[in-house]
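Note sheet for the following structure.
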Amino acid sequence: MNRPASMIVVALAGLIALVAAPSEILAGRLAIGGDAPDFTLKNLAGEKVTLSEALENGPVLLDFWALWCKPCLKALPSTSALHDEFSEKGLTVLAINTDSPRSAAKVKPYIKTKHYSMEVLLDPNQKLQRLYRFNSIPQVYLIAQDGSIAYSQLGYSPALEERLESEVVKLFTTKSAPEEETHN
Amino acid sequence: MPLARWSSAALFVLATLLHPAHMQAADEVTVHGLNQAEFSLNDDPDLARGFSRERLENWLDLDFRLDDVLVGFRYEAYQPPERSADEVTEGITQRFAEFDFGRGGARIGNFYGMFGRGLLWRSYEERAIRIDGNMDGVYFWGGLGSISAQVFSGRVNKGREELNRERKDVLWGADVETELPHGVVAGASYLLQTDHTMHEEAVAGRLSYSHDYFDLYGEAARINRLHGGGRSGTGYYGALSAYPFSFLSFTLEYKEYNHFRFSPIGEDKTENNNPPALSRENSYTLITRNPHQLDTGDEKGFQLEVISTPIEGSTVTVNRTETTKVTGDLLRHSGLKFQEWYGEWRQEVGEGWIIAVAYDYLEDKLPTKNHTPVLDIECLLDGDWGVRGEYQFQQQENELGEITRDHLVLLEIHASYDLIVSAVAEHAQSVRPGDPPLDDYLYGQIDYRISENNFITVTAGKRQGGFVCIGGVCRLVPPLEGAEVILLTSF
């Protein structure tokens with residue numbers, strides 16, 4: 001069989017896999033309910049921030065972004081707003097910048113000028129991208145206090161912005177519900 | 001036996017996807033995979049220069065985690081690779097085991113890493129430009145209190161050809177960093193590579209200081225070629241970021257690289273280091289067509305970027321970049337390699353409208369002079385939907401004084417990342433009366449999320465070739481006259 005024929009075989013195999021594979025199999029380690037891998041990165045002040053330590057205070061929102069990524073920049077205001085609204089309730093927002101070292105010096109000026117309030121971490125060699133296994137940004141993970149992934153989303157749109165906020169609200173609602181029952 | 005190879009690869013993917021037993025060998029074991037397949041069928045006549053007409057490339061990463069242990073491998077297959085007409089290669093190119101000790105970790109097998117900002121060592125992958133500088137060896141990292149350290153020993157990947165080649169030379173490296181009082185961080189790196197023909201040592205020291213109103217970073221490095229490797233080299237990089245007003249900040253960077261190419265022994269295509277290039281990476285197609293490729297052998301330069309938010313909803317960016325030879329004069333442009341002016345005003349208008357105007361002037365050593373204005377309008381509709389239009393114009397004057405003009409129009413409808421439909425038309429024309437159009441291009445692209453973790457991108461039509469550069473490292477993307485499919489699957 002010639003080369004194009006073999007390519008068709010591969011393409012068909014890929015399509016069959018996509019169509020036939022049950023969604024619970026396609027959703028693997030980083031699926032909803034799975035454990036979020038722990039990590040340590042430095043923030044803009046050079047201090048180390050560890051996910052497991054941040055989780056001690058409550059849920060954590062990870063927002064992966066880069067200066068070259070226009071949708072990411074559109075999403076940052078809402079990420080910052082989530083920090084403003086929910087940080088007192090225990091939400092830690094970590095905006096993880098994935099720009100390579102060439103842009104490292106430009107990240108803090110951008111954040112300062114735009115007056116964003118959330119914590120920004122630097123991942124210049126895309127270590128976390130390999131650990132969390134994704135290829136596109138903006139990518140968001142909402143992690144419950146027990147370390148499991150409560151929600152994830154890729155891309156940016158006004159509707160996704162609202163969806164993310166409702167997921168954060170839901171996380172706090174489900175967290176507080178058992179406590180209220182106990183009090184009653 | 002290409003078919004056998006591909007069939008086995010396809011079956012492997014199928015087996016992994018379709019059998020839950022493979023996914024959960026034990027309750028504690030979790031499996032994760034990522035597969036990227038790219039296929040193109042290309043009838044562009046320019047492909048005679050060495051690109052293959054049919055191309056199929058595939059990367060499959062699989063890893064398995066059990067508590068603090070992570071093991072994995074990468075399978076790559078090329079039938080043929082992008083820039084080869086005949087070569088068909090496939091095989092396991094990476095395998096590793098990683099152990100997390102809490103305060104540190106160790107990895108045996110293939111790894112990536114970086115010291116400082118990559119002045120002396122950066123092992124990384126950028127698939128968009130077909131760079132994969134993974135190492136093969138052992139890598140340890142850890143921290144205690146305010147001190148952190150990294151140590152490695154490994155053989156350097158020399159590119160895709162390594163499927164048929166052997167890694168020989170070993171690179172050793174160690175780096176230590178300590179946090180001092182008052183926001184000061186100091187670090188030092190050491191690297192060594194040696195064999196019977198050559199002995200190279202590299203050392204670097206860095207210092208950074210963080211303040212409420214500014215940040216400073218400086219790093220100096222030296223490569224000592226003790227025998228067999230030619231002249232010793234030096235590299236300097238400094239950055240000042242300042243935030244004097246709430247509506248304005250700027251970054252000023254300086255570089256000087258002299259005989260600072262730090263390649264694996266006997267290799268001239270790969271580099272162990274990836275120092276900051278100080279060239280702006282633009283997102284507009286025509287501006288990126290004439291990039292500057294970093295030359296660590298002989299260049300110095302600066303980049304100043306000012307960012308401001310003068311009024312509500314606006315962001316203004318101004319960038320000035322210049323690079324000359326080490327012996328050149330930056331202010332007088334002598335020994336000029338390239339210089340660029342870039343200005344952009346991005347304004348949010350009303351509910352959901354974003355309008356951006358940009359202008360770029362770029363001049364290189366030939367000299368070629370490019371003037372490129374851009375208009376970019378986007379409307380975010382209610383919900384997930386949005387539309388975007390871009391008009392780019394470029395006037396290019398080459399070293400002979402000949403002028404060409406290029407017009408590019410992009411129209412895009414998108415529903416977040418679930419569906420993006422775009423069409424791009426480009427028309428290039430010489431300004432001499434009577435000259436026929438240089439060429440016209442028209443292609444369409446659909447990006448579609450098939451399911452939660454599966455994406456497909458289909459491009460069809462005629463697309464101009466050109467360079468894609470990341471961090472001063474460039475890849476010549478071939479022109480396309482045909483179709484291209486990219487399939488991304490994660491599980």
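- Here the straight-line distance linking atom CG of A/L131 with atom CD of B/E98 works out to 7.5 Å at 0.5 Å rounding.
- Counting heavy-atom pairs closer than 4.5 Å to chain B, the top residue among A/R163, A/E47, A/E161 is A/R163.
- Interface remark: B/S308 contributes backbone atoms only to the contact with chain A (heavy atom separation under 4.5 Å).
- Only the side chain of B/Q36 comes within contact range of chain A, with at least one heavy atom under 4.5 Å from a heavy atom of that chain.
- Only the backbone of B/S123 comes within contact range of chain A, with at least one heavy atom under 4.5 Å from a heavy atom of that chain.
- Minimum interatomic distance between B/T309 and A/T113 (heavy atoms only, all atoms of both residues): OG1-O, 3.4 Å.
- At a 4.5 Å heavy-atom cutoff, B/H414 makes no contact with chain A through either its backbone or its side chain.
- Heavy atoms closer than 4.5 Å to chain A are found in the side chain of B/D376, but not in its backbone.
- Atom CD in B/Q303 sits 8.0 Å away from atom OG in A/S103 (nearest 0.5 Å).
- Counting all heavy atoms, side chain and backbone alike, A/P101 lies closest to B/M114 at CG-SD, 3.3 Å.
- Only the side chain of B/S283 comes within less than 4.5 Å of a heavy atom in chain A; its backbone stays farther off.
- Rounding to the nearest 0.5 Å gives a distance of 8.5 Å between CG of A/L122 and CZ of B/R117.
- Taking all atoms of both residues into account, the shortest heavy-atom contact from A/P158 to B/L380 is CG-CB, 4.0 Å.
- Taking 4.0 Å as the cut-off between side-chain N and carboxylate O, B/D215 and A/K112 do not count as a salt-bridged pair.
- Salt-bridge check for B/E378 with A/K74: passed, with a basic side-chain N closer than 4.0 Å to an acidic carboxylate O.
- Judged purely by distance below 3.5 Å, without hydrogens or angles, the side chains of B/S210 and A/K108 pair a donor atom with an acceptor atom.
- A/E162 does not touch chain B: none of its heavy atoms, backbone or side chain, sits under 4.5 Å away.
- Interface remark: B/L119 contributes no atoms to any contact with chain A (heavy atom separation under 4.5 Å).
- Heavy atoms closer than 4.5 Å to chain A are found in the side chain of B/Y237, but not in its backbone.
- The distance from the OG1 atom of B/T317 to the NZ atom of A/K106 is 10.0 Å, given to the nearest 0.5 Å.
- For the pair B/F250/A/P109, no side-chain contact is recorded, criterion being any heavy-atom separation below 4.5 Å from C-beta on.
- Proximity to chain A (any heavy atom under 4.5 Å) is shown, for B/F245, by neither the backbone nor the side chain.
- For the salt bridge (charged side-chain N to carboxylate O under 4.0 Å, His left out) test, residues two or more places apart in sequence or in another chain that qualify with B/E177 are A/K42, B/R206.
- To the nearest 0.5 angstrom, B/T30 atom OG1 is 8.0 Å from A/D35 atom CG.
- For the atom pair CG of B/D418 and OG of A/S157, the computed distance is 8.0 Å after rounding to the nearest 0.5 Å.
- Comment: A/R130 does not engage B/D63 in a salt bridge, judged by the lack of any side-chain N to carboxylate O separation of less than 4.0 angstrom.
- Among A/L154, A/T40, A/L160, the residue making the largest number of heavy-atom pairs under 4.5 Å with chain B is A/L154.
- Only the side chain of B/L34 comes within contact range of chain A, judged by heavy atoms closer than 4.5 Å.
- Interface remark: B/Y217 contributes no atoms to any contact with chain A (heavy atom separation under 4.5 Å).
- Neither the backbone nor the side chain of A/P77 has a heavy atom closer than 4.5 Å to any heavy atom of chain B.
- Between chain B and the residues A/I137, A/T50, A/D38, A/L67, the largest count of heavy-atom pairs under 4.5 Å involves A/I137.
- Proximity to chain A (any heavy atom under 4.5 Å) is shown, for B/R103, by neither the backbone nor the side chain.
- Looking at A/L44, only its backbone comes within 4.5 Å of chain B, counting heavy atoms on both sides.
- Nearest heavy atoms, A/K48 versus B/S148: NZ-CB, 3.7 Å.
- A donor-acceptor pair is defined here as one N or O able to donate and one able to accept, closer than 3.5 Å; such a pair exists between the side chain of B/T251 and the backbone of A/A105.
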